[in-house]
Amino acid sequence: MEQAFGTHLIDTDVLIIGGGTAGCYAALTLSRNTDLSVLVAEKANIRRSGCLAAGVNAINAYITEGRSPQDYVDYAAKDAAGIVRQDLLITAAELFNEVTADLEQLGLVILKDENGKYVTRGNRNIKINGENIKLILADAVNCADRVTVINHLNITDLLTDNDSVLGAVGFSVTEPKAYVIRAKAVLVATGGAAGLYRPNNPGFSRHKMWYPPFLTGAGYAMGIRAGAEMTSFEMRFVALRCKDTIAPTGTIAQGVRARQVNAKGFVYEDRYGLTTSERVYGTVMENSLGSGPCYLKTVGISGRQEQELFKAYLNMCPSQTLRWMEAGAGPADRDVEIEGTEPYVVGGHTASGYWVDTRRETTIHGLFAAGDVAGGCPQKYVTGALAEGKIAAESINDYISQGEYEPGSTTDGCTEREEPETDDKLQVRIREILDTYANALSGTNAIYSAEDLEERMQKVMDEYAGGISSRYGYTERQLCLADAEIDRLTAQTEYLKAGNMHELLFVYELKDRLTVCKTLIFHLLNRKETRWHVFGENLDYPETDHKYFAYLNSRYRNGKQEAIWRDIVKENVYRYPEQREHVGRGGCE
């Protein structure tokens, strides 16, 4: 088919897919410590992309005075009922304070007391003025040596051969251009997946959600399609948020020590437990028992505390402060109503993502993952993403310098080729990808819009795969209905039309979300227990079963998904074992 775009061929030592927190810090680390050429591909603009786009008011993963990295590991492991990788947690936690100090050197404002010490918020947090945190990080990357940033470049597919990565293919969101990128190593740092389920605020306000709506699971999807092993997708994340604004509740709970109460004023949080999932579970249960709405008890806080809350939300979620102002009643006068969000797949709060070794290399040789897209290391937040970006960058340097590759000769940045230098098999694969772009742009078989199918997908996931309308619970029968419907919607994506490159982005975001939904359903089906209330509320198996105290992994191969159970990692340094236990495909055949 005749293409409606030009194709650009690029060589680079390192390709970083995603210019969020982890991707930016990996690029910065490589620039500071190596002579490698680095290309950062970001589908938006790195100055306002990723989870830090709107700012943040605290560093939520920090080793405060009197605490140790192991304390943080223990906290995260307890919160996730033990299904974590302690090797990943400890290596990240050991870097929390180092990367924070680096951000401060770059210009981040960290609040200090009269003694010059950081102002803490709880046992693991420090307060910052972080409305410009992403701008600070992005500006450092834009000034870094041997780093090329291409904004508005959406990567869709990894190029692999014999379980090794060779590069990736994508397209410009703003211009009629496609890119074929050849790289010695690739880092996926694209974040997690939002928009899989029908959100709290559908229709015009559907993008007012907890996790950034533009993070669609693209990194997961390209890895799944390439055959990379994934882990713990069934450990979904549901955030407890301020009703309607979906503003963070931790700012109130930790900032003014507000307790969770029901409509009768009863403090219910101790009844259900205090882990992240249990806090949401208690709220769901109180509402289902008729004791809702539920609130954070803020009435009676001081005027100073109220002003601090106003300022804190202006730093990251202004809609909450604006709502108080509009109502003429702040948190000192009215308790803050709370609710759970729709479920997400995100490795920064739970353990979902790529299965990686301690160096953050995936099961595809030369492919690394960091930040929310990397699994096994929950509760990593901003500093964890920075730490994993640094670890992955150092591992990539070792991989290139000590492995089959020599350090790149193009130390002034990326180079553009005129002709492809690939074997016939890979060239066929590249042509297939480019033809898929062209087909969508031509609109030959157009019937549906991406928005139509996205709404149907969210409805299916909400009703059959444990969304808000079912109080996050699901059964095997419901999941199988969801699985079949996701297959049907995936087939219908062949009948989507894109009028321009920006609309082509929407088509691929939908395809990526459907791929993630398919893997998520597969994981929910295979963990036949309820280990985390709300996150994985299996109504057929409402109790915890010790035989499932293991990592549930999956791999897509030959058009089918296979389940892989792995024992809990106890080593400080983990590399892939040769033996795997396969346990079937999930029971929807």
Side-chain angles (χ1 to χ4, degrees), residues 21-22 25 51-52 55-104 108-113 115 117-130 133 210 235 237 239-241 247-260 269 273-280 296 308-309 312 315-317 346-351 371-372 374 376-391 532 535:
T21 311
Y25 206 72
C51 293
L52 294 185
V56 65
N57 68 356
I59 295 295
N60 288 328
Y62 189 82
I63 309 304
T64 57
E65 189 172 349
R67 302 283 176 170
S68 70
Q70 187 59 49
D71 292 334
Y72 200 89
V73 174
D74 295 341
Y75 147 70
K78 180 181 178 181
D79 201 75
I83 309 297
V84 298
R85 288 276 301 282
Q86 299 208 24
D87 61 312
L88 301 180
L89 280 165
I90 192 66
T91 50
E94 288 171 345
L95 293 174
F96 286 168
N97 292 19
E98 176 185 321
V99 297
T100 301
D102 190 23
L103 277 184
E104 187 174 29
L108 178 66
V109 176
I110 303 179
L111 303 187
K112 296 179 181 178
D113 61 19
N115 299 314
K117 294 184 177 181
Y118 292 156
V119 177
T120 60
R121 193 186 76 177
N123 295 327
R124 297 172 290 274
N125 306 28
I126 58 174
K127 294 183 178 181
I128 66 173
N129 287 343
I133 186 171
W210 168 75
M235 194 192 299
F237 184 71
L240 185 66
R241 306 297 270 187
T249 55
T251 300
I252 300 173
Q254 296 184 43
V256 299
R257 303 297 181 186
R259 307 290 300 278
Q260 291 175 222
E269 58 186 35
L274 297 174
T275 67
T276 305
S277 66
E278 288 168 343
R279 287 181 178 275
V280 186
L296 282 171
E308 288 181 351
L309 290 180
N315 277 338
M316 61 172 176
C317 192
V346 53
H349 285 67
T350 52
D372 281 355
C377 184
Q379 313 290 1
K380 68 183 73 166
Y381 306 116
V382 174
T383 43
L386 295 169
E388 288 198 326
K390 176 181 175 67
I391 293 167
W532 317 277
F535 291 6

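Position 1 is the first residue of the sequence; numbering continues from there. Bear in mind the structure is a predicted one, so any value in this text is a computation, not a measurement.
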Pairwise side-chain contact, V56 with I128, heavy-atom cut-off 4.5 Å (strictly under): yes
Contact summary for Q379 and A76, nearest pair of heavy atoms: CG-CB, 4.0 Å
Closest contact, heavy atoms only, A351 versus I83: CB-O, 3.7 Å
Point-to-point distance, once rounded to the nearest 0.5 Å, from OG1 of T100 to CG of L108: 8.5 Å
Any residue meeting side chain to side chain contact (heavy atoms under 4.5 Å, CB included) with D71, in chain and number order, not counting sequence neighbours: R67, S68
T21 side-chain N/O to A385 backbone N/O, donor-acceptor pair under 3.5 Å: no
Heavy-atom side-chain proximity of I126 to L111 below 4.5 angstrom: no
Point-to-point distance, once rounded to the nearest 0.5 Å, from CZ of R259 to CD of E269: 4.0 Å
pair W532-E278: side-chain heavy atoms closer than 4.5 Å: no
Residues in side chain to side chain contact (heavy atoms under 4.5 Å, CB included) contact with K117, at least two apart in sequence or another chain: E65, D113
T91 (side chain) donor-acceptor with L88 (main chain) under 3.5 angstrom: yes
Pairwise distance CD(E388) to CG(D372) - rounded to 0.5 angstrom: 9.0 Å
CD1 on I110 to NZ on K127, rounded to 0.5 Å: 14.0 Å
Parallel, tilted or perpendicular: ring planes of Y381 versus H349, cut at 30 and 60 degrees: perpendicular
Worked check of side-chain contact (heavy atoms from CB on, under 4.5 Å) between I90 and Q70: CA-CA 7 Å; I90 192 66; Q70 187 59 49; 3.9 Å; yes
Heavy-atom side-chain contact between I59 and Y118 under 4.5 Å: no
Close side-chain approach of L95 to K390, heavy-atom, < 4.5 Å: yes
Non-neighbouring partners of T249 that pass side chain to side chain contact (heavy atoms under 4.5 Å, CB included), sequence neighbours left out: L240, C242, L296, I338
Pairs where residues 69-88 contributes a residue and the test ring pair (Phe, Tyr, Trp, His ring centres under 6.0 Å) is met, not counting sequence neighbours: Y72-Y75, Y72-F96
Residues which pass side chain to side chain contact (heavy atoms under 4.5 Å, CB included) with R257, listed by chain and number, not counting sequence neighbours: none
Heavy-atom side-chain contact between L89 and P69 under 4.5 Å: no
Heavy-atom pair of closest approach, residues Q86 and V73: OE1-CG1, 3.5 Å
E308 bridged to R121 by N-O distance under 4.0 Å: no
Interatomic spacing from OG1 in T383 to CG in N60 - rounded to 0.5 Å: 8.0 Å
V346 and W210, any side-chain heavy atoms less than 4.5 Å apart: yes
Gap separating the OG1 atom of T276 from the CG atom of D79, nearest 0.5 angstrom: 3.5 Å
Side chain to side chain donor-acceptor pair (under 3.5 Å) involving D102 - partner list, sequence neighbours excluded: Y25, R32
Least distance between heavy atoms, I391 atom then A92 atom: CD1-N, 4.3 Å
Residue pair N57 / M316: nearest heavy atoms and the distance that separates them: ND2-CE, 3.3 Å
Backbone N/O of V109 and side chain of N129: donor-acceptor pair under 3.5 Å: no
Sub-4.5 Å side-chain heavy-atom contact between N125 and Y62: no
